[in-house]
*Asks:* 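Can you keep this structure in mind? I'll have questions shortly.
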Amino acid sequence: MKKVLNVLGIIGSCFLTVSLTTIMICFVFLLNIKFAVSKSGINKLLNNIDIVETIKEIDGGVVWEDLTQISEDTNLTEEELEAILNNEELKTEFSEIFDGVISSITSEEAYKVSKTQITDIINLVIDEYNKVADKKITEEERKEALTEINDEFINDINTSLEEINLSKILAEENMPLFRAIDFIIFGGFVYALTVAIVVIIALIGLLRWSPYKWMPYAGVAATITSFITFITGLFIKLITIEDADISKFIIPFKSSASSNFYISAFILLAIAVLLFVLNHVIKKQQATVINEETIAIETAEEPKEN
């Protein structure tokens, strides 16, 4: 009977391992998506993008020509303009706004920028300008520029942001789908997956009647997930974009996404190796303890010589 229960436990654990692998794959993919649209992920992406080269590609270079004309009017050289546009602090400020905009695309409420955020960006631009320009912007000119950031100006920006919010532009019958997407990507779905992983591992432990025999099953799930995650990162890396202009915008995203998948795959593989090693060590220790107890019992049962 004990052997039958052991076999049933192994079979049940194998089925649970398939479920665990599926959930772990979803979990890792979701974490990578959440990181990509988070403030840290967007900031990392922006730091990998040459803002100047990107602007030069917009509208055939018209936008860049307008900017250079403005810089000439303010006695700012092209190199100084490039230094301002590629400033890391400025990218960090914009990453916070991009994070808010992206995370609210599928929500019922559109993201709204605040007067403080725009004011901070203007102050940062002026500070960076004064670092490189010969003719400095005075405090009076700074105050004059900041007075232009009034409620009407902020409302115009937020009205534009509402135009990319799906709840504002899609029919009502499509909203349940996007509410589900909002919950999965930006809501608490990742916590539900975490609970599911813990519960399945606990069930495997119960089926195997052991505090450590669940480790090989979890290790197999982590290994398979690691392999699929690595293949996904490699696939993203190898995707080719025919349009040269579009590829310049996509390449930084591809590089960031693929590197994140590679890191995830390495972490999963490390966890799998750790689980296999721990299982081997604990199993060996258990065998040693059992052997010592058996020897002790046999010694105690030996008849005493008269």
*Asks:* Answer with yes or no whether the hydrophobic clustering places Val199 together with Leu20; edges join I, L, V, M, F, W, Y residues whose side-chain heavy atoms lie under 4.5 Å apart.
*Replies:*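 Val199 and Leu20: one cluster.
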
*Asks:* Which atom pair, heavy atoms only, marks the closest approach of Lys112 to Gln117?
*Replies:*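 Result for this residue pair: O-OE1, 4.3 Å.
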
*Asks:* When the aromatic ring centroids of Phe230 and Phe266 are compared, is their separation below 6.0 Å?
*Replies:*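 No.
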
*Asks:* Could you check whether any side-chain N or O of Ser226 sits under 3.5 Å from a backbone N or O of Ala222, counting only pairs where one atom can act as donor and the other as acceptor?
*Replies:*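 No.
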
*Asks:* Please determine if Arg142 and Glu139 form a salt bridge, counting it only when a charged side-chain N lies under 4.0 Å from a carboxylate O.
*Replies:*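 Looking at Glu139 together with Arg142, the answer is yes, because their closest N to O distance falls below 4.0 Å.
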
*Asks:* How long is the straight-line distance from CD1 of Ile231 back to CG of Leu238, given to the nearest 0.5 Å?
*Replies:* 9.5 Å

*Asks:* Could you pull out the closest heavy-atom pair between Gly233 and Ser258, with the gap in Å?
*Replies:* O-CB, 3.3 Å

*Asks:* Would you say Met24 and Val198 are hydrophobically clustered, going by side-chain heavy atoms of ILVMFWY under 4.5 Å?
*Replies:*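 They do not share one cluster, since no chain of ILVMFWY contacts under 4.5 Å joins Met24 to Val198.
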
*Asks:* Is there a path of hydrophobic side-chain contacts, each under 4.5 Å between heavy atoms of I, L, V, M, F, W or Y residues, that connects Leu193 with Ile200?
*Replies:* yes

*Asks:* Quick one: CD1 on Ile282 to CE on Met215, what's the gap to the nearest 0.5 Å?
*Replies:* 4.0 Å

*Asks:* Kindly indicate, with the supporting measurements, whether the criterion side-chain contact (heavy atoms from CB on, under 4.5 Å) is fulfilled by Phe15 and Ile204.
*Replies:* CA-CA 10 Å; Phe15 279 110; Ile204 294 174; over 6 Å; no

*Asks:* Could you state the interatomic distance from CG (Asp151) to CG (Asn158), rounded to the nearest 0.5 Å?
*Replies:* 10.5 Å

*Asks:* Given side chains that start at C-beta, do those of Tyr217 and Leu275 come closer than 4.5 Å, heavy atoms only?
*Replies:*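 SC-SC contact between Tyr217 and Leu275 ruled out.
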
*Asks:* Is Phe27 close to Ile197 at the side-chain level, that is, under 4.5 Å between some pair of heavy atoms?
*Replies:*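 Of all side-chain heavy-atom pairs linking Phe27 with Ile197, at least one is under 4.5 Å.
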
*Asks:* Report whether Ile23 and Ile224 are members of the same hydrophobic cluster (ILVMFWY, side-chain heavy atoms less than 4.5 Å apart, transitive linking).
*Replies:* no

*Asks:* With Lys115, which of Asp120, Leu146, Ile149 fulfils side chain to side chain contact (heavy atoms under 4.5 Å, CB included)?
*Replies:*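 So, applying the side chain to side chain contact (heavy atoms under 4.5 Å, CB included) to Lys115 and each of Asp120, Leu146, Ile149, only Ile149 qualifies.
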
*Asks:* Quick check against the 3.5 Å criterion: does Asn279 have a side-chain atom that pairs as donor or acceptor with the backbone of Lys213?
*Replies:* no

*Asks:* Taking it one step at a time, do Asn32 and Ser264 satisfy side-chain contact (heavy atoms from CB on, under 4.5 Å)?
*Replies:* CA-CA 8 Å; Asn32 276 278; Ser264 300; 3.2 Å; yes

*Asks:* For Phe235, give me all partners under ring pair (Phe, Tyr, Trp, His ring centres under 6.0 Å), at least two apart in sequence or on another chain.
*Replies:* none

*Asks:* What's the spacing between Phe261 CZ and Ser256 OG if we round to 0.5 Å?
*Replies:*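 Reported to 0.5 Å precision, the distance equals 10.5 Å.
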
*Asks:* Nearest 0.5 Å please: distance from the CD1 atom of Ile236 over to the OH atom of Tyr262.
*Replies:*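 These two atoms lie 8.5 Å from each other.
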
*Asks:* CD1 of Ile201 to OG1 of Thr17: how many Å apart, nearest 0.5 Å?
*Replies:* 9.5 Å

*Asks:* Please determine whether residues Leu30 and Ile228 belong to a single hydrophobic cluster, defined as Ile, Leu, Val, Met, Phe, Trp and Tyr linked transitively by side-chain heavy-atom distances below 4.5 Å.
*Replies:*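 No; tracing contacts between hydrophobic side chains, which count when under 4.5 Å, never links both residues.
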
